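Have a look at the structure below, then the notes.
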Amino acid sequence: MDQELDGLEHAIEQAEVEKRAFVKENPNGGGDKGERMRLYGKVEGARKALRNYKRANPHLL
C-alpha cells in the first residue's frame, strides 16, 4: 500500500482520537469553543486531504 495513503489515514485516526478525548472531558458542549472547533476542523481537514489524494491518484486504489 502507498505510504502517503497510510499517513493520511493515520492522521484521520489521530485527529479523531484527540477530538473524542476532548468531547469526553467536556460533555454537553462544555469546554473551550475555540479548541472544540480546532479539533473538529482538524478532523475535517484530514478527511479532505485523504479525499483529495484519492481523487488525484485513482490509479493507486
Side-chain angles (χ1 to χ4, degrees):
M1 207 172 194
D2 187 17
Q3 198 171 26
E4 188 170 350
L5 181 62
D6 288 338
L8 291 169
E9 289 174 345
H10 182 69
I12 291 172
E13 291 170 9
Q14 285 300 111
E16 287 179 344
V17 166
E18 290 176 25
K19 181 186 80 169
R20 276 190 226 109
F22 180 84
V23 170
K24 188 174 184 177
E25 293 172 8
N26 301 287
N28 300 323
D32 181 23
K33 282 211 182 259
E35 179 67 8
R36 182 179 296 270
M37 294 306 298
R38 184 188 72 76
L39 292 170
Y40 275 81
K42 186 175 178 182
V43 170
E44 288 306 312
R47 289 179 181 163
K48 183 177 180 181
L50 179 61
R51 280 193 305 270
N52 289 338
Y53 180 77
K54 287 181 175 180
R55 191 175 305 127
N57 298 291
H59 59 283
L60 298 176
L61 304 175

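All of these numbers come straight from a predicted model, not from anything done at the bench. The first residue of the sequence shown is numbered 1, and numbering continues consecutively from there.
Contact detail for G30 and R36: the closest heavy-atom pair is O-NH2, 2.7 Å. Looking at every heavy atom in both residues, F22 comes nearest to D32 through CZ-O, 3.6 Å. Contact between N26 and G31 at its shortest, heavy atoms only, is OD1-CA, 3.5 Å.
The side-chain heavy atoms of R47 and L50, taken from C-beta on, include no pair separated by under 4.5 Å.
Hydrophobic clustering, with ILVMFWY side chains joined whenever heavy atoms are under 4.5 angstrom apart, groups L8 together with I12.
Test K54, R55, K48 against N52 for side chain to side chain donor-acceptor pair (under 3.5 Å) and you get one pass: R55.
Considering OH of Y40 and CD of E16, their distance stands at 10.5 Å, rounded to 0.5 Å.
Classification of E44 and K19 as a salt-bridged pair fails, no side-chain N sitting under 4.0 Å from a carboxylate O.
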